Amino acid sequence: MTNLPKTYSPQEIEGKWYQFWQKKGYFHAEATSDKLPYAIVIPPPNITGSLHIGHALDNTLQDCLIRWRRMQGYNALWMPGTDHAGIVTELIMERQLAEEGTSRTALGREKFIERMWQWKAESAGYIVSQLQKIGCSCDWERERFTLDEGLSKAVRTAFVNLYNQGLIYRDTYMANWCPNCNTVLSNLEVEPIEIDGNFYHIHYPIKDSDVVLEIATTRPETMLGDTAVAVHPDDERYQHLIGKTALLPLCDREIPIIADAYVDREFGTGALKVTPAHDTNDYEIGLRHNLEQRIVFTRDGYINENAPEKYLGLSRWDCRKHVVEDLKDADYLVKIVPHRHAVGHHDRCGMIVEPTISLQWFMNVRPLAQRAIEATQKGEVKFIPERETARFYHWMENIEPWPISRQRWWGHRLPIWYCNACEAVTAAMEVPQQCECGASDFRQEEDVLDTWFSSGLWPFSTMGWPEKTEELRTFYPTSVLVTGWDILFFWVARMIMLGLGCMDEVPFRTVYLHGLVADEKGQKMSKSKGNSIDPLETIDTYGTDAFRFALTNASTPNPYVPLLESQIEAGRRFANKIWNAARFILMNLEKYPVPEETDAVETKQETPEIAWMQSRLSHTIKTTTDALENFRFHEVAQTLYAFLWHEFCDWYLEFVKQRIAQDKPAALWVAADVLEQTMRLLHPLMPFLTEEIWQQLPHGGGRREGSLTVSSWPEPIGENPKAEATMTTLMEVIDSIRSIRGELNVPIGASVEVHIQSPNTEVRERLETYLAQYLPAFTRLADITIAESLPKPHASAEAVIGELAIYIPLADIIDLEAEHARLSKRHQQAVKDVDAAQKTLDNPNFIQRAPEKVVEQKRAQLERLLVEQEKLARSLTMLTESGSENGD
RNA sequence: GGGCGGGUAGCUCAGGUGGCUAGAGCGACAGCCUUACAAGCUGUAGGUCACAGGUUCAAGUCCUGUCCCGCCUACCA
């Protein structure tokens, strides 16, 4: 006796199956296999902690693709690993250290790195176990880490190659600087945030005159570093001042008034204070006019000795207060106007960045960006959704040099060596033996690389590059990259560029950029906002499969995909529904085992419900496969949900009950077969539940393979329109009878008689053959009469389906008023529909111009509607008459 | 300033190249513990598809404009 519990309990089976799959090695892909390769590299999660909702979505979708392709017979590789994640990880460690009462600097570089590795050893395993918990079928034997030996070698190789090509260089340049993290940042790491600030209008006196020039600034403290005032060359207001000298308030310095077309005459006062050392645009102006770059901030954001002594050591904000006070006191301050504007913040620590001039390593990405654009135009890479292509082009076309050095410790140290004797620079894999100057004493560059440099190599560094490995030959370029659109520039673009630069080939053929998980208000879920769903809690409550189903079901093509608790709940109910359907089938198979050595499909009799079910399954296989091919995960989930619940459970299993009652088990065997195939279709979305059920189901004469994971993807056997038409009629009749019973409140226990009239012989035959067999399961009936024409029995309820009419005599229980209301509602609808169809057909242009097929459909529709309308009208009249009779 | 996405049922969303009577889940209402499932079953209600024009035989779908919402991007100090 099958002893399955009534309720599905995910906790009891999930761990079991994951271990089973792992032990059997199903997730491992051999580079030497002669199957067609299909490869995905995981976006390596940071080692910083726990799996968040974004990972859950991203990895569920990847797992769906990998499992599906594996079942299709591909040599499917999902390459896993983790990212050292540079600055973020350091920041978290620094917080830990602070709690311990120490600090990064107190520890020193070596000790700090040691601590980081210790921590990595613990936390990387944690994130991996979480990926396993959501069912990821990664090839764990191949797990990589961006800082491990092989990948570090790849990083050094890439760096040296690019250096030798002249694409990596050192330069003194203005770049974003984080005073908190003490490092330079790329533009991407700076997040502009709108804040409420002020416009400070300040008078700059003109030397040797009574005239003052009014400038406006949002950052008055930077005036300590001003080395000019700029106006537009054609600005008539200021023509007479160009070439004159202004006296910089508070500083006792003289600065020139210059003309530069950059200045916007309309904005502010049309006069711009120029601080070449602390503003990106001013820096450019400074270069054009050969202005002094006067640095007045220290690297950690305090006033230095280049400013008047009284401000020395103040923070940027304190200095602003003092400067404004002093300007006011000295009568230079004209006014303060509130002004909302965007200020750059470091995306990792939140500190306001300070544009700063420093000596940094840069990568000239333009040539590679150009190649990336061309490769994309040639179709070597495809973006899905397509709209992302435009974003990609726009970014690539306007790309700027990438500052790749970071003044941090956790990461790949640049393979740059300085000769201690002559300061000559060498890029090399190892310490050079000897310098050209004859010395042999070198020191390595202290800086580490931007963490995205190593992630940019991920698709080939994980496969053993720079060695010419079998993996690279087989799996590169990979098939598809799956990630959120928010890291298109950070990561995807760089992988494409570096792939072209190092491998001379794009790293993947397709980029699928999914939406970001949002809450019910459309706000992106994030820990900092506190609106996030915790994947692990969710899994504990609802089960992994329910969660995965909800994620795929929510995954529409939109940039933000709201995930509601109720959707996860729906996933759980779905899992439970499937569980119980399986339970029903398994319980009945005990009484009616599938005959040994025989294919269940072959033992079937061609009853309409079996033919219908197989037709619907075929359709479902086709739709599901098509949706997966096009990354329409939402459609996959919807299709399987609707099929399994509303066609398989609601209808087919009810037919099966009837057949069992008739001692005809073929329909049951087909149910087992259909469920088996559907478990295969659903496996990519809900791997655990489907495996559990699949293992228990008979597999058509012992065709069982070791696991659903490595079974085959179902093939459609073709649809059967005739069977579908037959069943549609039957189901419509059943629906109508149920509807009448429901709306007229016919008591549950009351058996009713049904009279059906139809002029169509074929329809009558179908109904006569099958209706009696099916109906009892769906609605309680005493007797059925089917005839070509029938008088409507007295005091009966009626339903009309085209030319077919259903009468249910309800003499004792009918509520004539209710029936009248019911019929007139349907009549009104029919009139409306007839009018609309009539109007279309009355239009001669429609007949002339619309395709034949559409016109035919419309005619048929109208005909059917007219019959319905007439019948309903007649019945209404009769009802009114009999009503008055009854009223006697 | 430019660009992109969105506005469809009370809520969250589907509606590839225009063509049956615009769908789902959740929620609501009514009735059912029907022997797989009350995490269930049956029935019902609920939409001028943001607004205004246009193209078309035909528009939720295509075009133009307007209004909201969100995002990306830009050197407006």
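Residue numbers start from 1 in every chain, and the chains themselves are labelled A, B, ... in the order their sequence lines are given, proteins ahead of strands. Only a predicted model underlies this, so the values are computations on that prediction, with no experimental measurement involved.
Nearest to the side-chain atoms of R583(A) among the listed nucleotides C37(B), A77(B), G43(B) stands C37(B). Distance from the side chain of H646(A) is smallest to A24(B) among C13(B), A24(B), G40(B). The side chain of L564(A) has U12(B) as its nearest neighbour among A77(B), A36(B), U12(B). Among U42(B), C13(B), A77(B), the nucleotide with an atom closest to any side-chain atom of F199(A) is A77(B). Of the candidates C41(B), C72(B), U73(B), the closest approach to any side-chain atom of W485(A) belongs to C72(B). Distances from the side chain of S739(A) to the nucleotides G5(B), U44(B), A39(B) place U44(B) closest. Of the candidate nucleotides C41(B), C72(B), A39(B), C72(B) has the atom nearest to the side chain of R391(A). Here the side chain of D650(A) is nearest to one of A36(B), G15(B), U42(B), namely U42(B). The Y262(A) side chain lies nearest to C75(B) when the options are C75(B), G16(B), A14(B).
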query = Should Y283(A) and Y173(A) be marked as a ring-ring contact (aromatic ring centres under 6.0 Å, His included) after you check the CA-CA gap, both sets of side-chain angles, and the distance that decides it?
reply = CA-CA 9 Å; Y283(A) 176 76; Y173(A) 195 71; 5.7 Å; yes

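A distance of about 36 Å separates the C1' atoms of U55(B) and C11(B), rounded to the whole Å. Separation of the C1' atoms belonging to G65(B) and G25(B) is 36 Å when rounded to the nearest angstrom. A distance of about 14 Å separates the P atoms of G70(B) and U12(B), rounded to the whole Å. Here, C49(B) and C20(B) have their P atoms 16 Å apart, quoted to the whole Å. Distance noted for atom P between A50(B) and A14(B): 14 Å (whole Å). Comparing G40(B) with C33(B), their C1' atoms are spaced 10 Å from each other, to the whole Å. A59(B) and C68(B) are spaced 23 Å apart, taking the C1' atom of each and rounding to whole Å. Rounded to whole Å, the C1' atom of C76(B) lies 43 Å from the corresponding atom of G16(B).
Aromatic ring pairs are classed by plane angle as parallel below 30°, tilted from 30° to 60° and perpendicular above 60°; the pair H514(A) and Y512(A) is tilted.
C62(B): Watson-Crick or G-U partner is G54(B), with both key distances under 3.5 Å. In this structure, G1(B) and U73(B) make a Watson-Crick or G-U wobble pair, each of the two defining distances being under 3.5 angstrom. Across all strands shown, A24(B) forms a Watson-Crick or G-U wobble pair, both distances under 3.5 Å, with U12(B). Judged by Watson-Crick or G-U wobble contacts below 3.5 Å, the nucleotide U42(B) has A30(B) as its partner.
No salt bridge links E798(A) with R822(A); every basic N to acidic carboxylate O contact stays at or beyond 4.0 Å. Salt bridge annotation for E743(A)-R826(A): present, with a cationic side-chain nitrogen under 4.0 angstrom from a carboxylate oxygen. Classification of E863(A) and R859(A) as a salt-bridged pair fails, no side-chain N sitting under 4.0 Å from a carboxylate O.
A donor atom on one side chain and an acceptor atom on the other are not found under 3.5 Å apart for T389(A) and E386(A).
Between T269(A) and F489(A), the residue anchored nearer the 5' end of RNA chain B, judged by the nucleotide with its closest heavy atom, is F489(A).
Put simply, the side chain of K6(A) and the base of C37(B) share no donor and acceptor less than 3.5 Å apart.
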